[in-house]
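Written out below as structure tokens is the structure these notes cover.
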Amino acid sequence: MTRRAFAAAAGIYAVVVVCCALFWPERVPLHFGFGLGADSYGSKWAGVALATAIGCSMIALFTGCAWIAGRIDLDLVDVRHADFWKAPENEQRLRRMLADDMYQVGAATLVLLAGVLGFVTEAAVTGRDELSWWAVVLLAGYLAYIVAWTGWLLTGRYRTDRP
């Protein structure tokens, strides 16, 4: 399920990058300061190349981490109830869960980045050259999700009484 969510998020990101290539003007804000105003600009194609590189890097990073989860020496993995999870009969389930965790966070990260590109598009097309405050809401939502997910990982995800 999380692999599908990750693939869907990657697809959404790709569609957003294509939309950027179609709708961005020739001069695009590429960096924004703390006041949400643009402080660095570049060409449309430099921005599209940067967005593509960031997306490909994130996809490679999270896919690579999920792949490593299936192969890493479990002595290097710190997990609650290690005696249970690292027992031979539970090892494959632990590896699947670790990979799913990577895909889950990867999907959320790609959705965040796609949303940011949407706000960059709004700033570029309207000529305001500043991010909407909704970008802050998006970032806060992402950070809240990561905190909640981390809490779930620490308290419930790796319980031994889970089915």
Side-chain angles (χ1 to χ4, degrees), residues 1-24 28-32 36 40 42 45-82 84-86 90-124 131-160 162-163:
M1 181 63 140
T2 56
R3 288 181 185 148
R4 286 188 204 138
F6 181 76
I12 290 167
Y13 187 87
V15 167
V16 169
V17 171
V18 168
C19 289
C20 292
L22 294 173
F23 298 111
W24 277 357
V28 180
L30 296 178
H31 187 269
F32 299 83
L36 301 181
S40 178
W45 297 112
V48 170
L50 179 62
T52 301
I54 289 170
C56 289
S57 296
M58 290 296 104
I59 291 167
L61 172 70
F62 287 105
T63 302
C65 288
W67 181 82
I68 288 170
R71 289 149 185 84
I72 193 169
D73 179 357
L74 290 179
D75 289 336
L76 300 173
V77 175
D78 186 19
V79 63
R80 293 183 74 206
H81 312 293
F84 174 83
W85 287 109
K86 293 180 183 181
N90 297 320
E91 179 180 321
Q92 287 308 310
R93 182 171 169 211
L94 172 61
R95 290 182 186 284
R96 279 191 308 275
M97 289 172 71
L98 292 170
D100 285 346
D101 295 342
M102 294 298 105
Y103 287 125
Q104 181 85 14
V105 174
T109 301
L110 287 170
V111 168
L112 167 73
L113 294 173
V116 168
L117 285 177
F119 289 120
V120 170
T121 301
E122 177 190 27
L131 289 178
S132 161
W133 278 99
W134 286 106
V136 176
V137 173
L138 175 66
L139 178 60
Y142 173 79
L143 293 175
Y145 169 79
I146 293 298
V147 168
W149 180 253
T150 302
W152 168 241
L153 290 177
L154 293 173
T155 61
R157 173 95 165 119
Y158 292 95
R159 288 189 332 247
T160 57
R162 285 181 41 103

Nearest heavy-atom pair of W24 and A124: which atoms, and what distance? CD1-CB, 4.4 Å
Verdict with reasoning, I72 to R95, per side chain to side chain contact (heavy atoms under 4.5 Å, CB included): CA-CA 9 Å; I72 193 169; R95 290 182 186 284; 4.0 Å; yes
With rounding to the nearest 0.5 Å, note down the distance linking OG1 in T160 to CZ in F84. 6.0 Å
So side chain to side chain donor-acceptor pair (under 3.5 Å) across residues 105-120, not counting sequence neighbours, yields T109-Y142
Return the CZ to OG distance between F62 and S57, rounded to the nearest 0.5 Å. 11.5 Å
A108 and Y145: which non-hydrogen atoms are nearest, and at how many Å? CB-CE2, 3.6 Å
Within the 4.5 Å heavy-atom criterion, are M102 and I68 side-chain neighbours or not? no
Can you give me the closest heavy-atom contact between F119 and S132, atom names plus distance? CD2-CB, 4.0 Å
Heavy atoms, side chains only, cut-off 4.5 Å: are I54 and Y13 in contact? yes
Between P29 and V120, the two heavy atoms sitting closest are O-CG1, 3.5 Å
With a 3.5 Å cut-off and sequence neighbours excluded, list the donor-acceptor pairs that the side chains of residues 110-117 form with protein atoms.
none

To check you understand the geometry: which heavy-atom pair defines the closest contact between A69 and L98, and what is its length? CB-CB, 3.8 Å
How about D73: does its CG atom have over 12 heavy atoms from other parts shown lying under 6.0 Å from it? yes
Looking at CD of E122 and CZ of F23, how far apart are the two atoms once the value is rounded to the nearest 0.5 Å? 14.5 Å
Any donor and acceptor pair, going by atom type alone, linking the side chain of K86 with main-chain N or O of V77 inside 3.5 Å? yes
Donor-acceptor contacts, no H, no angles, side chain residues 2-11, under 3.5 Å, sequence neighbours left out:
| unit_1 | atom_1 | unit_2 | atom_2 | d |
| --- | --- | --- | --- | --- |
| T2 | OG1 | D100 | OD1 | 2.9 |

Hey, could you give me the NE2/CG distance between H81 and L94, rounded to the nearest 0.5 Å? 12.5 Å
Validation row: W85, M97 side chains within 4.5 angstrom (heavy atoms): yes
Nearest heavy-atom contact between A51 and V17 is CB-CG2, 4.1 Å
